[in-house]
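I have placed the structure first, in the form of structure tokens, so that the comments after it can refer back to it.
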Amino acid sequence: MTLCFESPEEARRWCRSERDAGRSIGFVPTMGALHAGHLALAHRALAENERVVVSIFVNPLQFNDPGDLERYPRDFAADAALLEEKGVSMVFTGTLEGFFPGELIEGALPEERYLDPGPAAEGLEGAFRPGHFRGVATIVDRLFDVVEPERAYFGQKDYQQCLVVEELARRRGGPRIVVCPTVREEDGLALSSRNLLLDEEGRAAAPTIQRALEAARAAWNGGERDPDRLCERMGRVLATAPLEVEYAEVRDPRAWSAERPARLDQHAVALIAAGASGRAGSRVRLIDNLILA
Ligand code: AMP
């Protein structure tokens, strides 16, 4: 039986009693509309911990676009059924007021209450979604306070988010962050709750993102180390599909930089964000990445 709590306070009490009983807790934070990518994180957490906790909270602090927040898919009943089937111990939701009791002013969190997301928040997602990572860091910190897990599980699909959360965990002195591989559709498209919002044209175009990343990897494997040429390679593939490219970039994962590095040697990751055609004339923002070496 999966326990469901609507309030973080109840969740905190349950987690504390489990920890007091000596049971390890693995934690998977999500925004719901669960798919096999989320379930892979839960699966790994179940293998490594005695109890697994999943949070479902569409965090308004990390949405820079109100339309995006409004359109974000939500289906708690379906999510709870999937987690039950998986054998997750507890799932909790919450409201902004519930996570920050007495701290909101006119429904918003005051500026000074946001955490600094650190240097990995610079560039790419940080540049295209201003304020996104401070919203992520602030809520994840609060979620960690509620659950106090031993390990927390995040998907590589949100590569820069993993770097931000790793830095946050370092500053807090835990939990241990476990980064799990990206789960994909058969045609290569990274699973995402947002894929539900694509229309036919957008769905057909979306796998081109992964093909562009693969092209960069093929070039890398062929000896290409020039960042500009790796990016050009991705750009050429992306241009074959109706996608609005925000960025197609490479970075050194060991030394994150806001700008494209002048050169790469042993370590590289390629990252793409692009808009695809969504239902009712909307635009669906998709991201993906691939470690080149
Ligand atoms: P979200 O609900 O989109 O905030 O995602 C919750 C967690 O699931 C994050 O750590 C994501 O990186 C992870 N995740 C999302 N999509 C995938 C995927 N396709 N493969 C693996 N992990 C994923």
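Atoms within a ligand are numbered from 1 in the order they appear, just like the ligands themselves.
- Protein residues with a heavy atom under 4.0 Å from ligand 1 are P29, T30, M31, H35, G37, H38, L41, Y72, F154, G155, K157, D158, Q161, P181, T182, V183, L191.
- In the displayed structure, R172 atom CZ is contacted under 6.0 Å by more than 12 heavy atoms of other residues, nucleotides or ligands.
- More than 12 heavy-atom neighbours from other residues, nucleotides or ligands sit within 6.0 angstrom of CD on E84.
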Item to complete: Give the C-alpha distance, both sets of side-chain angles, the deciding distance and a yes or no for side-chain contact (heavy atoms from CB on, under 4.5 Å) between L292 and R217.
Response: CA-CA 5 Å; L292 304 184; R217 181 144 74 183; 3.9 Å; yes
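- In the displayed structure, E6 atom CD is contacted under 6.0 Å by at most 12 heavy atoms of other residues, nucleotides or ligands.
- For the pair R134 and Y114, the cation sits on the ring face: its NZ or CZ lies under 6.0 Å from the ring centre, inside 45° of the axis.
- With a 6.0 Å radius and a threshold of 12 heavy atoms from other residues, nucleotides or ligands, H35 has its NE2 atom above the threshold.
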